[in-house]
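Heavy atoms only: backbone and side chains are in, while hydrogens, waters and symmetry mates are out.
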Amino acid sequence: MKNFISYIKVTIVGGALLLIPLFVVIAVLLKAGSLIKRVVTPIAHRLPVQIPGIGKETLLAILILLLLCFLAGIFMHTSIARRFKRILEDDILVHIPGYSYLQALSTDKLTNSHDSTWKPATVLIDGNEVICFVVDETEHYCSIFFPSAPTPSSGTICAREKQDVRYLPISVSETITMLRRLGKGSAAALEKIRNT
């Protein structure tokens, strides 16, 4: 019974850690959309074309939002933007529950590469390969996040010597899916390491 109550608490906390940042993102997008729509409405009324369905105001607002995202993406390649992003993440966004987790997952999904700041790995503890994420590293040490299963958005942290860490040849999203499935697929991932 105690394990069941603990599972319920961890699941509720994990759900909250996912939903709170998600609601913040949705609220920001809705606010940005309404501001853009207010600006484009006078412009859209002057356009001589009619667009059935969504309407020319909505279409123009979507196009402007996509253009702004594109321009912001170009700006993010500059050193000033990267510095600003690092300050924003380290000093402000880190206080939003679940931000780091969502950032690692979205970076992995959107870039379709291993550019995420999190790196899937395992650490040998009492003869068991424990799945974890390397979230930071120095010359000799790694900062490790040990996610819970089946709620990988919560867990525990520690620092380990680099020699104790074995990186997994899978993505962040594959690792999170494996944890949600209570480890299904982890043996195959470890076999890949063994065979290299």
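Looking at Glu161 and Tyr141, their side chains come closer than 4.5 Å, going by heavy atoms from C-beta outward. Under the 4.5 Å side-chain criterion, counting only non-hydrogen atoms from C-beta, Phe146 is in contact with Ile125. Two residues are said to be in side-chain contact when any heavy atoms from C-beta on lie closer than 4.5 Å; Ile144 and Val135 fail this criterion. Within the 4.5 Å cutoff, side-chain heavy atoms of Val172 are placed close to those of Pro120. Contact check for Glu139 versus Lys162: no side-chain heavy atoms found under the 4.5 Å cut-off.
Taking SG of Cys142 as the start and CD of Gln163 as the end, the distance is 10.5 Å to the nearest 0.5 Å. The structure places SG of Cys132 at 8.5 Å from CZ of Arg160, a figure rounded to the nearest 0.5 Å. A distance of 13.0 Å separates OG1 of Thr175 from NZ of Lys119, quoted to the nearest 0.5 Å. Leu67 contributes atom CG, which lies 10.5 Å from atom CG of Leu60 (distance to the nearest 0.5 angstrom). Taking OG1 of Thr122 as the reference point, atom CD1 of Ile131 lies at 8.0 Å (rounded to 0.5 Å).
Annotation for Ala149 and Leu179: closest pair CB-O, 3.5 Å, computed over non-hydrogen atoms. The two residues Gly155 and Ser148 have their closest heavy-atom pair at CA-OG, 3.7 Å.
In this structure, Leu63 is not a member of the same hydrophobic cluster as Leu35, with clusters built from ILVMFWY side-chain heavy atoms closer than 4.5 Å. By the criterion of side-chain heavy atoms lying less than 4.5 angstrom apart, applied directly or through intervening Ile, Leu, Val, Met, Phe, Trp or Tyr residues, Ile157 is not grouped with Tyr167; the two fall into different hydrophobic clusters. Note on Val165 and Leu168: separate hydrophobic clusters, where clusters join Ile, Leu, Val, Met, Phe, Trp and Tyr whose side-chain heavy atoms are under 4.5 Å apart, directly or indirectly.
Panel note: side chain Lys184, backbone Thr177; no donor-acceptor pair is recorded below 3.5 Å.
More than 12 heavy atoms of other residues, nucleotides or ligands shown are found within 6.0 angstrom of CD1 on Ile74.
Using modelled atom types, one finds a donor on one side chain and an acceptor on the other under 3.5 Å when comparing Glu174 with Ser171.
Using cut-offs of 30° and 60° on the angle between ring planes, the pair Phe145 and Phe133 is parallel.
A salt bridge links Arg166 with Glu129: the distance from a Lys NZ or Arg NE/NH1/NH2 to an Asp or Glu carboxylate oxygen falls below 4.0 Å.
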